[in-house]
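Every chain is numbered from 1, with letters handed out A, B, ... down the list of sequences. Any value given below was found using the heavy atoms of this structure, including those in side chains, with hydrogens, waters and symmetry copies removed.
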2 protein chains.
Amino acid sequence: MAETSAASPKATSKKMRRQEAEALILSAAEKVFAEAGFGGATMQLIADVAGLPKANLHYYFPTKELLYRQVVQKIFQIWLQAADIFDQADGPEEGIGAYIDAKMEISRRHADGSKVWASEVMHGAPVIQDYLETTLTDWTNGRIEVIERWIAEGRMAPIDPRHLLYMLWATTQHYADFGHQIDTLNGGSPLNDKQWEAAKSNIKTIILRGIGATE
Amino acid sequence: MAETSAASPKATSKKMRRQEAEALILSAAEKVFAEAGFGGATMQLIADVAGLPKANLHYYFPTKELLYRQVVQKIFQIWLQAADIFDQADGPEEGIGAYIDAKMEISRRHADGSKVWASEVMHGAPVIQDYLETTLTDWTNGRIEVIERWIAEGRMAPIDPRHLLYMLWATTQHYADFGHQIDTLNGGSPLNDKQWEAAKSNIKTIILRGIGATE
DNA sequence: GGCCTTCCTGACCGTATGGTCAAAATCAGA
DNA sequence: TCTGATTTTGACCATACGGTCAGGAAGGCC
C-alpha cells in the first residue's frame, strides 16, 4: 500500500539521512513559502506538508529564517545556471532565444521557487541583498558587455542592454509569478504543452524582431 | 514645531472625518503590505506608520483582511483606468505606446500598490479571485478583440494578443515589483527622470518594432 | 448649557507561532 | 549484544498577534 502522507512518503526506513531529510523539507518549504510568503508561512504547515513533526524541522533547520534562506539560495543557483546559455551562443538570435527558452522552462518547472525569489526581491531582498550586489551585479555587467559587443558588430539594434535584460527577466518570470492570473484568463486551466510553446514562440518573435536580431 | 510622528502628522484637529482617516490608514497599510506581505504585516505596524493607536484602526477597518481587501481594490481601480487609453487610440503604435507610458507611470507612482497586487496574485488571489474572473477577464477579452482587429487591418504582425498583453503587463510591472533589484543594479539609487524615460523608450521601441507596428 | 452622535484609546483576551528540551527510538560498528 | 552517535518527537514556553470592549473625549445642534 502506498503512503497517504502529504508530500513524498517518508521512505521505508524510519530514519533519514541528512541529505534526503533536508531535501524533503526544502521542497515542502519552497511550496509553502511560495503560497503564503515568508510571513504567512508557518513551520507547522511546512512540517505537515513534509509529513514530519515540527520539532524535526528545527533539528535540521534551527530557525525559520535559515530554512527560508536556503530555499532562496537554491532557486538563485538554478536562475544563474540559465546564464551559461547566454555565453555559449554565437549571436543575439541564438543566445537570447535560448535564454528565453531556458528561463521559460524555469518558470514552468520551478514556479514555486520563482515566486519565492520574486517575493524576496519585492520585499527589499532582506536575505539576499549581498547576492544582488555581488553575484547578480557581476553577471549582469558581463551580459551587458556581450550585448554591447553584438550591437557594435551590427548584429542587433542599439538597445540599452540593461533594459533589454529587464524585459527578458520580466516577461519570462511573469509566467511563474502571475501564473495564477494567466491560468484564470485561460479558463481556469494551466497552460498545456502547446500553449507554453506558443508563449515562448511569441516572446522570442517579438523581442528578437524588436531588437533587430532577426529578419 | 513639526510633528515627529512617523507618516503624516495627525492633522491639527483631534478628530478626523471618516474619509481622511480611512485614506490615511489605507496609505499606511499599502506601504506595510507592500513591504511585508499580508502575512508579515501587522496591524500594530500599520498603526505606527499611520500614527494612530491600533484600536483606532479597528474602528475604521474591523479586520485586517477587510483593510487588505480595500488596499487591493484601490490599486485595481488605478490599474483599470490605464485601460481607457487603449481604446481611445486609433492604432497599435499610439494605443500600445500610450498604454506602456501609463503603466510605467503607475509602476513609478504607485509602486507599493503594484507590489500588493503582485503579491496578491502570486499567492493565488485569495481575495480578488472574483475580479480576475469577471472584470479582468472582460477587459482582457475586449482588448484582444481590438488587437485582432488591428492585425486583420494589417496594422501589426499576427501576434497572439494574449501573450502580447502578458508581455506588456510583465515588462511594465517589473519596474515596480523588482524595483529594489533594479535600484541595486543601478548602483543603489532609484532611477532618475532620464532613466525612467529611457526605460519607457526602450520598451516601446522593442515591443512596437517587435509586433511590426512601426518602421 | 444639555444632549446625542461620532470618534478615540488603554487595557485586556484567547490563540497561534517560533523555538526549546529532555527523553525515547534507531542505527552503525565493534 | 553492547555502546555511542544520530535522529525523532510530544510536551512545553514566552511572545506577539488579531481582535474586543468599556469608558472617555470631541464636535454638532438645539
- Message: For A/Ile85 versus A/Gly95, what's the shortest heavy-atom pair and its separation?
- Response: CG2-O, 4.4 Å
- How far apart are the closest heavy atoms of A/Ala50 and A/Leu24, and which atoms are they?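 Scanning both residues completely, I find the closest heavy atoms to be O-CD2, 3.6 Å.
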Atom pair distance, as rounded to whole Å: [atom1] in [X] and [atom2] in [N]:
{"X": "A/His58", "N": "D/dT6", "atom1": "NE2", "atom2": "P", "answer": "21 Å"}
{"X": "B/Tyr59", "N": "C/dT9", "atom1": "OH", "atom2": "P", "answer": "12 Å"}
{"X": "B/Met43", "N": "D/dT20", "atom1": "CE", "atom2": "P", "answer": "10 Å"}
{"X": "A/Asn56", "N": "D/dT9", "atom1": "CG", "atom2": "P", "answer": "6 Å"}
{"X": "B/Leu57", "N": "C/dC8", "atom1": "CG", "atom2": "P", "answer": "11 Å"}
{"X": "A/Gln44", "N": "C/dG19", "atom1": "CD", "atom2": "P", "answer": "13 Å"}
{"X": "A/Glu20", "N": "D/dT7", "atom1": "CD", "atom2": "P", "answer": "11 Å"}
{"X": "B/Ile46", "N": "D/dG18", "atom1": "CD1", "atom2": "C1'", "answer": "11 Å"}

- Message: Test side-chain hydrogen bond (donor to acceptor under 3.5 Å, both in side chains) on A/His110 and A/Glu30; report intermediate values, then the result.
- Response: CA-CA 10 Å; A/His110 302 278; A/Glu30 182 175 282; 5.2 Å; no
- Message: Counting only side-chain heavy atoms from C-beta out, which of C/dT20, D/dG18, C/dG10 sits nearest to A/Ala55?
- Response: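 The answer is C/dT20.
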- Message: If we ignore hydrogens and angles and just use 3.5 Å, is the side chain of B/Lys64 paired with the main-chain N or O of B/Ala41 as donor and acceptor?
- Response: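 It does hold such a pair.
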- Item | B/Thr137 side chain to B/Leu132 backbone, donor-acceptor under 3.5 Å |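 It does hold such a pair.
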- Item | Proximity to DNA chain C (any heavy atom under 4.0 Å), residues of residues 62-71 of chain B only | none
Identify every side-chain donor-acceptor pair in residues 70-78 of chain A under 3.5 Å, counting partners at least two apart or on other chains, and give the distances.
residue : atom : partner  : partner atom : Å
A/Gln73 : NE2  : A/Tyr131 : OH           : 3.2

- Task: Determine: side-chain N/O of A/Arg18 to OP1/OP2 of D/dT6, distance under 4.0 Å, yes or no.
- Result: no
- Tell me whether the OP1 or OP2 atom of D/dT8 has a side-chain N or O from A/Tyr60 closer than 4.0 Å. yes
- Would you call the rings of B/Phe178 and B/His174 parallel, tilted or perpendicular if under 30° counts as parallel and over 60° as perpendicular?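 Rings of B/Phe178 and B/His174: parallel, as their planes differ by under 30°.
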- Message: Applying a 4.0 Å non-hydrogen cut-off, can you work out what A/Ala41 is touching in the nucleic acid: base, sugar-phosphate, or nothing?
- Response: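 Answer is sugar-phosphate: A/Ala41 comes under 4.0 Å of backbone atoms only.
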